[in-house]
There are 2 protein chains.
Amino acid sequence: MAEEAHGLGRHTRQRQQVTALLEETDEFRSAQRLHEMLRARGVPVGLTTVYRTLQILAETGEVDVIRLPSGEHLYRRCSAGRHHHLVCRHCARTVEIPGPGVDQWAGRIALQHGYVDIAQTLELFGTCADCAAQSGT
Amino acid sequence: MAEEAHGLGRHTRQRQQVTALLEETDEFRSAQRLHEMLRARGVPVGLTTVYRTLQILAETGEVDVIRLPSGEHLYRRCSAGRHHHLVCRHCARTVEIPGPGVDQWAGRIALQHGYVDIAQTLELFGTCADCAAQSGT
DNA sequence: CAACTTTCGGAAACGGTTGTCATTATAGTC
DNA sequence: GACTATAATGACAACCGTTTCCGAAAGTTG
Ligand SMILES: [Zn+2]
Ligand SMILES: [Zn+2]
Ligand SMILES: [Zn+2]
Ligand SMILES: [Zn+2]
């Protein structure tokens with residue numbers, strides 16, 4: 001008996017630490033940064049393990065992933081519903097944007113052109129009020 | 001006198017060949033594939049040059065770029081207006097989707113949350129009718 | 001505790017892209 | 001048609017986030 005109900009297999013110290021860290025803030029963060037943060041607080045965890053854990057969490061839908069223009073992946077523990085992200089390109093502060101309408105729009109467009117099995121990627125990048133104020137003066 | 005009015009600087013054989021190849025079809029293609037195609041038809045051009053040329057064309061807006069989930073970039077000569085892309089994930093066949101409404105929607109959302117200087121990425125990936133028929137039987 | 005299985009993690013591999021820099025081509029000017 | 005300043009080329013190496021390898025370590029079961 002015991003465990004499961006969280007997508008991950010065995011209940012290891014490392015995975016606990018990664019998921020715990022993800023719960024702490026609502027910024028999108030990279031695997032490498034999460035790794036650094038864990039090491040900085042004395043948690044001995046390998047980078048490979050962080051990558052693997054995030055991969056599993058992403059597959060099971062427990063975290064959301066976005067890709068920066070540079071190609072690196074950022075991870076975040078989000079709320080349950082379908083949504084898009086409005087992300088500050090400087091500090092990664094994120095606002096969830098409920099966007100069911102976009103899904104419907106995409107499905108309709110795809111059907112019109114005979115495409116099936118549609119997946120859409122919609123992310124909004126901008127500069128948040130704080131970051132804009134900083135660079136402003 | 002002469003040249004210019006096409007974003008590129010000097011008028012070299014290689015750049016002519018790359019732009020000419022881009023005019024030929026309306027699929028999105030990777031830098032490496034474009035390079036292979038040029039070599040295959042006997043045009044001696046280096047991969048680095050293809051990358052650089054595409055970079056310039058992308059910056060000046062003469063070609064559109066999308067990024068596959070794998071991270072590789074695909075390039076295409078598109079029509080002028082603002083649009084999104086409906087791309088077949090198997091054969092890269094592409095339909096342009098005029099979508100001014102999405103811009104406005106994004107701008108409105110961003111403003112609501114105090115974000116400025118917004119950039120949005122919206123692409124639709126699906127399976128086109130032909131590819132669906134093939135895999136279907 | 002012993003036996004078995006999963007996970008860990010350092011190091012090496014990967015893959016698309018970008019940087020380096022000596023060589024070559026281009027486009028104005030004589 | 002030279003001549004020359006300068007931009008472009010391209011083989012090769014470096015980059016960088018990510019993935020794969022595989023022996024060691026830790027979790028789980030009975
Ligand atoms: Zn989210
Ligand atoms: Zn910010
Ligand atoms: Zn386009
Ligand atoms: Zn197709």
Side-chain angles (χ1 to χ4, degrees), chain A residues 1-21 28-60 62-63 65-76 89 92, chain B residues 1-21 28-60 62-63 65-76 89 92:
Chain A
M1 51 146 174
E3 28 53 42
E4 282 303 326
H6 58 344
L8 302 168
R10 285 186 179 172
H11 200 265
T12 67
R13 259 190 309 283
Q14 292 88 339
R15 291 181 178 177
Q16 283 181 56
Q17 294 286 354
V18 173
T19 54
L21 181 52
F28 270 98
R29 282 165 296 180
S30 70
Q32 310 219 41
R33 191 141 109 76
L34 290 166
H35 177 242
E36 279 170 17
M37 293 176 77
L38 288 174
R39 299 297 282 248
R41 62 175 66 176
V43 178
V45 60
L47 179 56
T48 307
T49 299
V50 175
Y51 272 112
R52 260 192 313 243
T53 305
L54 290 170
Q55 202 166 268
I56 295 169
L57 292 172
E59 282 169 4
T60 61
E62 298 186 60
V63 299
V65 190
I66 60 175
R67 271 159 58 237
L68 294 181
S70 71
E72 74 181 337
H73 295 176
L74 304 185
Y75 303 84
R76 178 181 190 257
R89 62 169 65 85
Chain B
M1 52 148 173
E3 29 49 48
E4 281 304 326
H6 58 344
L8 302 168
R10 286 186 179 174
H11 200 266
T12 68
R13 262 189 307 282
Q14 292 88 340
R15 291 181 178 177
Q16 282 183 56
Q17 294 287 354
V18 173
T19 54
L21 181 52
F28 270 97
R29 283 166 295 180
S30 70
Q32 310 220 35
R33 191 140 111 74
L34 291 166
H35 177 241
E36 279 172 16
M37 293 175 79
L38 288 174
R39 299 298 282 248
R41 62 176 64 176
V43 178
V45 59
L47 179 56
T48 308
T49 299
V50 175
Y51 271 112
R52 263 192 311 240
T53 304
L54 289 170
Q55 202 166 268
I56 294 169
L57 291 172
E59 282 170 4
T60 62
E62 297 187 61
V63 300
V65 190
I66 60 176
R67 270 158 59 236
L68 294 182
S70 71
E72 75 180 334
H73 294 175
L74 304 185
Y75 303 84
R76 178 180 190 259
R89 62 169 65 85

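Only a predicted model underlies this, so the values are computations on that prediction, with no experimental measurement involved. Each chain gets a letter, A, B and so on, in the order its sequence line appears, and its residues count up from 1.
Spacing between atom NE2 of A:His11 and atom C1' of C:dT5 amounts to 18 Å, rounded to whole angstrom units. Going from atom CD of A:Glu72 over to atom C1' of D:dT19 covers 16 Å, rounded to whole Å. Regarding A:His35, its NE2 atom lies at a distance of 15 Å from the P atom of D:dT19, rounded to whole Å. Between the CD atom of A:Gln32 and the P atom of D:dC15 there is a distance of 15 Å, rounded to whole Å. Atom pair B:Gln55:CD and C:dG16:P shows a separation of 17 Å (rounding to whole Å applied). In this structure, CG of A:Leu38 is placed 12 Å from P of C:dC8, rounded to the nearest angstrom. The interatomic distance linking B:Leu68 (CG) with C:dG15 (C1') rounds to 13 Å, in whole Å. When rounded to the nearest whole Å, the span between CD of A:Gln17 and C1' of C:dG9 equals 16 Å.
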**Report entry** Audit row: B:His73, B:Leu54, side chain to side chain contact (heavy atoms under 4.5 Å, CB included) steps and yes/no
**Finding:** CA-CA 10 Å; B:His73 294 175; B:Leu54 289 170; over 6 Å; no
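Side chain of B:His35 to backbone of B:Val45: a donor-acceptor contact under 3.5 angstrom is found.
The side chain of A:Arg39 sits closest to C:dG10 out of C:dG10, D:dT18, D:dT19.
The two residues A:Val18 and A:Leu38 make their nearest non-hydrogen contact at CG2-CD1, 3.9 Å. Nearest heavy-atom pair across B:Ala31 and B:Val50 is O-CG1, 3.7 Å. Minimum interatomic distance between A:Leu68 and B:Arg67 (heavy atoms only, all atoms of both residues): O-NH2, 2.8 Å. The heavy-atom pair separating A:Phe28 from A:Leu74 by the smallest distance is CD2-O, 3.4 Å.
Judged by distance alone, the side chains of A:Gln32 and A:Ser30 never bring a donor and an acceptor atom under 3.5 Å apart.
In this model, the phosphate group of D:dT19 is not approached by any side-chain N or O of A:Tyr51 to a distance below 4.0 Å at OP1 or OP2. A sub-4.0 Å separation between OP1 or OP2 of D:dG17 and a side-chain N or O of A:His73 is absent.
Using a 4.5 Å cut-off on side-chain heavy atoms (C-beta onward), B:Arg29 and B:Leu21 make contact.
Between the two ends of the helix from C:dC1-D:dG30 to C:dC30-D:dG1, each summarised by a five-pair axis, the helix axis turns through 30° (rounded to 10 degrees).
With sequence neighbours excluded, the residues that form a salt bridge (charged side-chain N to carboxylate O under 4.0 Å, His left out) with A:Arg33 are A:Glu27.
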Report summary line: Reading nucleotides 3-10 of chain D from 5' to 3' and marking B where a protein heavy atom lies under 4.0 Å of the base, S where only the sugar-phosphate is that close, and - otherwise, the string is ---BBSBB
